[in-house]
2 protein chains.
Amino acid sequence: MRMSEGVEWAAHVCVLLDWLNQGELTPVPAGRLAEAYDLPAAYLGKQLQALTRAGITESVPGRYGGVRLARPAASVTLMDVVAAIEGPEDAFSCTEIRQQGMNSGNPPRDFAQPCGIAHAMRSAELAWRRELAETSIADLVAATPTRVADGARHYFQRA
Amino acid sequence: MRMSEGVEWAAHVCVLLDWLNQGELTPVPAGRLAEAYDLPAAYLGKQLQALTRAGITESVPGRYGGVRLARPAASVTLMDVVAAIEGPEDAFSCTEIRQQGMNSGNPPRDFAQPCGIAHAMRSAELAWRRELAETSIADLVAATPTRVADGARHYFQRA
DNA sequence: GCTTTCTTACTCGGATACCTACTGTCCGAGTGGAATAGG
DNA sequence: CCTATTCCACTCGGACAGTAGGTATCCGAGTAAGAAAGC
């Protein structure tokens with residue numbers, strides 16, 4: 001159970017975009033974002049597509065186009081970013097093996113209530129999601145040292 | 001981020017083994033367990049190896065050998081089972097991309113404290129693990145309808 | 001000088017290979033019980 | 001009848017293919033700015 005590397009990239013990009021938005025609102029090309037963190041440009045573009053499809057970012061085509069946050073950073077949580085990249089479905093999926101093999105002929109009445117294992121797994125995942133939903137991009141921006149954010153603004157201003 | 005199917009199998013097997021242990025303590029062959037839930041026998045065996053390596057089950061070789069729980073069901077949590085199959089490492093791994101590209105030359109002093117994204121991710125995973133650790137195999141056994149457990153015992157007694 | 005048109009450079013977006021890791025399978029080493037031969 | 005030995009069936013265990021999904025890449029469609037030509 002390994003989370004896609006794209007989640008880390010997407011989260012950092014969202015934070016970076018909010019740093020830059022505080023100065024100006026011009027969109028930033030995906031290629032520039034990629035070189036800022038030394039990432040493969042084309043593949044990062046794919047992750048940005050996912051973010052855009054989820055309504056987290058919006059992409060501006062044409063010259064001087066690029067990507068920018070589609071809504072305030074305070075309303076974008078880490079849960080949103082993870083769901084956008086990894087997909088909405090749960091990590092654990094119950095395939096109801098309890099109804100196969102030795103129980104294949106039993107009446108479905110015995111399995112009316114959900115499987116206890118699936119229930120516990122789902123409960124744990126909900127706790128995970130709840131925790132992720134409590135951290136927004138704005139929170140992460142607020143926790144960033146001023147020096148680092150200023151450095152990023154400086155980097156994107158020139159050339 | 002999809003969890004291995006083996007986790008579901010392993011959890012169900014642990015519950016089943018505890019159902020059977022309440023009657024007698026003889027080990028159960030992996031092949032029998034596989035047919036009980038209609039699973040590929042050889043691959044289930046691989047998962048059982050992982051459980052044994054983790055100290056959750058112990059395997060008895062030779063004729064009339066098989067697999068049985070190595071410790072009381074109350075001391076085996078879902079967290080243990082997940083860790084045994086999926087491995088102990090976290091789903092999210094921080095690769096410190098913030099120190100690359102535009103920040104590759106900056107002093108490491110700026111990045112002394114851990115990345116906020118990694119911190120939030122880790123916090124969420126801990127909540128997930130904590131929740132999983134609160135459900136033991138014994139809890140799952142206690143929540144099982146008596147009718148189903150009896151059926152399983154009956155299935156394994158004959159032949 | 002102003003408006004319209006055209007060119008052009010730049011952007012995203014989806015379709016296309018590659019590669020790791022999960023899934024599935026096989027055969028050999030090891031073990032313990034049971035039958036058997038001997039005392 | 002008891003004991004030691006041999007045999008054998010059955011078990012787990014690790015080594016070996018197949019496949020789905022994440023990783024990486026490329027090229028084409030679309031757009032908006034800017035230059036240029038016409039009025």
Side-chain angles (χ1 to χ4, degrees), chain A residues 1-10 13 17 26-35 37-70 82 84-93 95 97 156 159, chain B residues 1-10 13 17 26-35 37-70 82 84-87 89 91-93 95 97 156 159:
Chain A
M1 193 184 56
R2 215 177 82 267
M3 184 176 291
S4 168
E5 210 174 355
V7 171
E8 184 185 8
W9 301 358
V13 163
L17 284 177
T26 68
V28 182
R32 192 66 56 86
L33 291 170
E35 76 175 20
Y37 285 126
D38 198 16
L39 302 173
Y43 190 34
L44 178 63
K46 199 167 183 55
Q47 316 292 354
L48 292 177
Q49 285 181 34
L51 287 182
T52 298
R53 242 176 272 135
I56 295 173
T57 58
E58 59 188 8
S59 50
V60 180
R63 207 175 187 181
Y64 296 94
V67 175
R68 64 182 166 209
L69 287 178
V82 170
I85 303 294
E86 291 287 333
E89 58 279 350
D90 288 355
F92 179 86
S93 71
T95 57
I97 62 172
F156 275 85
Chain B
M1 195 184 55
R2 215 177 81 267
M3 185 175 291
S4 169
E5 211 174 353
V7 172
E8 184 184 8
W9 302 357
V13 162
L17 285 177
T26 68
V28 182
R32 191 68 54 86
L33 291 170
E35 76 174 21
Y37 285 128
D38 199 17
L39 303 173
Y43 191 34
L44 178 63
K46 200 169 183 53
Q47 315 294 353
L48 292 177
Q49 286 181 34
L51 287 181
T52 298
R53 241 176 275 134
I56 295 173
T57 58
E58 58 187 8
S59 49
V60 179
R63 205 175 187 181
Y64 295 95
V67 175
R68 65 182 166 208
L69 288 178
V82 170
I85 303 296
E86 292 285 334
E89 59 279 349
F92 179 87
S93 70
T95 57
I97 63 172
F156 275 84

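Each chain gets a letter, A, B and so on, in the order the sequences are listed, and its residues count up from 1.
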Colleague: Among residues at least two apart in sequence or on other chains, which ones pass side chain to side chain contact (heavy atoms under 4.5 Å, CB included) with B:Pro40?
Modeller: B:Trp9, B:Tyr43
Colleague: So does B:Gln49 get a side-chain nitrogen or oxygen closer than 4.0 Å to the phosphate oxygens (OP1/OP2) of D:dC12?
Modeller: no
Colleague: Does B:Ser59 have a side-chain nitrogen or oxygen under 4.0 Å from the phosphate oxygens OP1 or OP2 of D:dG13?
Modeller: yes
Colleague: Determine, for nucleotides 20-34 of chain C in 5'-to-3' order, which nucleotides have protein heavy atoms under 4.0 Å from the base (write B), from only the sugar-phosphate (write S), or from neither (write -).
Modeller: ---BBBB---BBS-S
Colleague: Tell me, do A:Leu39 and A:Leu33 make a side-chain contact under 4.5 Å, heavy atoms counted?
Modeller: no
Colleague: Would you tell me if any nitrogen or oxygen in the side chain of A:Arg68 comes within less than 4.0 Å of OP1 or OP2 on C:dT11?
Modeller: no
Colleague: So what does B:Gly66 hit on the nucleic acid, given a heavy-atom distance under 4.0 Å: a base, only sugar-phosphate, or nothing?
Modeller: sugar-phosphate
Colleague: Hey, is the main chain of B:Met1 close enough, under 3.5 Å, to the side chain of A:Glu86 for a donor-acceptor pair?
Modeller: yes
Colleague: B:Leu48 CG to D:dG13 C1': how many Å, rounded?
Modeller: 12 Å
Colleague: Taking B:Val67's backbone N and O only, do any of them form a donor-acceptor pair with B:Glu58's side chain (distance below 3.5 Å, no angle check)?
Modeller: no
Colleague: Side-chain N or O of B:Thr52 less than 4.0 angstrom from OP1 or OP2 on D:dC12?
Modeller: no
Colleague: Using side-chain heavy atoms (C-beta onward) and a distance below 4.5 Å, is A:Glu8 in contact with B:Ile97?
Modeller: yes
Colleague: Are side-chain heavy atoms of B:Val60 and B:Thr26 found at a separation under 4.5 Å?
Modeller: no
